[in-house]
Amino acid sequence: MNRFLSCLVAVSVITTVDASNQMSTPTVTVIYCGALLDVPGQPARGVSTITIENDWVVSVQTGRVEREHDSGSVVVYDFGDATILPGLIDCHTHLTHEMKPGSRLARMVEEDAESAIRAVAYARRTIEAGFTTVRNVGSGGHAIFALRDGINRGEIVGPRIVAAGHAITPTGGHGDGTHGFAEDIFEIPGSYQGVADGVDECRKAVRAQVKRGADCIKLTATGGVLSMTNAGTNQQFFDDELEAIVETAHALGRNVAAHAHGTDGINAALRAGVDSIEHGSFLDDESISLFKRTGAFLVPTVLAGVTVSEIASGEDNYFTPEVTAKALAVGPVMQANLGRAHREGVRIAFGTDSGVSRHGDNTREFELMVDAGMTPAETIFAATVNAAELCGLSDEIGTLEPGKYADFVVYFENPLEDIGAIRRPHMVFKGGEVIGD
Ligand SMILES: [Zn+2]
């Protein structure tokens, strides 16, 4: 990623270290760029200066502001005409997994440790694509928590992770990972694996995920495309179960993401008070008024719909007949319904379902959102300000303002003018540090 650094970017380190004061002196980084979208939703600035101390933005100034160098070490990056956006946020990933032919049987032989090692590579690809934070909504085992904590300790490179643990699902529901296998292969799953029926078990399953380390809760309100069942994509939890999950999660300070394709499940989940609907494929007029009344976000994951449609209609389709039927029914409608929801004023938060698609290809979603009728600026707003709110991290990320993490991405072409440019980040910073060095 930094191959062209030496010819296109001037970097200088000005060191005037005062040895007696070294311990308390912050690391200062000064960034110059030609265009800056520091607060998506507002107009971009032209030439700008960002000053960072340690992990944090301390000032954002219009124009090129030369710094009076005092004691300490100052690193200056001069990016010339380049454009800077806040670090991107993907509200729907599955970092411990990537779908491919044979994925179904891999579950029988793959240990949690192997998922964890693969996830290290997927996390790196994700941040190199410009995503400095993800919300991981559903992963088995403990790998996702180990990955999150290892990244937070600085041991491995990856995005900040808001992790859900196992999705909460009814027996045989979309998140029941024992679907389609011989009954004696897996233990009957319970609350620790997210499988719950009835109000009491639903409360217990939420508590169990929080105990395991969950930052947010994912539930499967309806059937899903990729589960090995012909039970369709309609509502699978009863209303009282949905309410029990939402109430317990909120009491424990966790937001709730609801996987939902069918209209009945979307509307039941919204009535129960979920914070986001994932996919939202068959939303209707009632859904739109419920979204607007509750303030819930739609996380559209159009890329997942496109990916499963391409596989199901391709020559090398490796889905089972049940999955093929669902993929062909659901995939094509997701983009049109995003366009409709957006036109009607539903709040959109960016999410890709990466893991269904290849990790690191997350930026493809932006072009699909523009094709659905959003402007480039609106898609970037969805992937920064709105996504930060949905992650519960608006005080720390989503914009480049004093007091927030210095998470940002540098582009030589301006994604606000051509959204395709967002696929080509030049350099990614997380917490003031360059990724890839
Ligand atoms: Zn998903």
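Read the numbers this way: they start at 1 and go in the same order the structure lists the ligands and their atoms. Heavy atoms only: backbone and side chains are in, while hydrogens, waters and symmetry mates are out.
- Panel detail: the Zn ion (ligand 1) has protein N, O or S atoms under 2.8 Å away, 3 in number.
- Within the structure, salt bridge (Lys or Arg N to Asp or Glu O under 4.0 Å) contacts touching residues 376-396 (residues at least two apart or in different chains) are R347-E389.
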Side chain to side chain contact (heavy atoms under 4.5 Å, CB included) between R254 and V210, intermediate numbers included: CA-CA 8 Å; R254 266 64 177 179; V210 173; 3.7 Å; yes

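- We find that K404 and E401 are joined by a salt bridge, their nearest charged nitrogen and carboxylate oxygen being less than 4.0 Å apart.
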Please tabulate, for the side chains in residues 114-122, all donor-acceptor contacts under 3.5 angstrom to protein atoms that are two or more places apart in sequence or on a different chain.
| unit_1 | atom_1 | unit_2 | atom_2 | d |
| --- | --- | --- | --- | --- |
| E114 | OE2 | E111 | N | 3.1 |
| S115 | OG | E110 | OE2 | 3.2 |
| R118 | NH2 | E110 | OE1 | 2.1 |

Going through the checks in order, is the side chain to side chain contact (heavy atoms under 4.5 Å, CB included) test met by V195 and I168? CA-CA 6 Å; V195 176; I168 316 289; over 6 Å; no

Extract all donor-acceptor atom pairs below 3.5 Å that involve side chains of residues 268-279 and protein atoms in other chains or at least two apart in sequence.
| unit_1 | atom_1 | unit_2 | atom_2 | d |
| --- | --- | --- | --- | --- |
| R271 | NH1 | E286 | OE2 | 2.8 |
| D275 | OD2 | H250 | NE2 | 2.7 |
| D275 | OD2 | V256 | N | 2.7 |
| S276 | OG | R135 | NH2 | 3.3 |
| S276 | OG | E278 | OE2 | 2.6 |
| E278 | OE1 | H92 | ND1 | 2.7 |
| E278 | OE1 | R135 | NH2 | 3.4 |
| E278 | OE2 | R135 | NH2 | 2.7 |
| H279 | ND1 | T301 | OG1 | 2.7 |
| H279 | NE2 | H259 | ND1 | 3.2 |

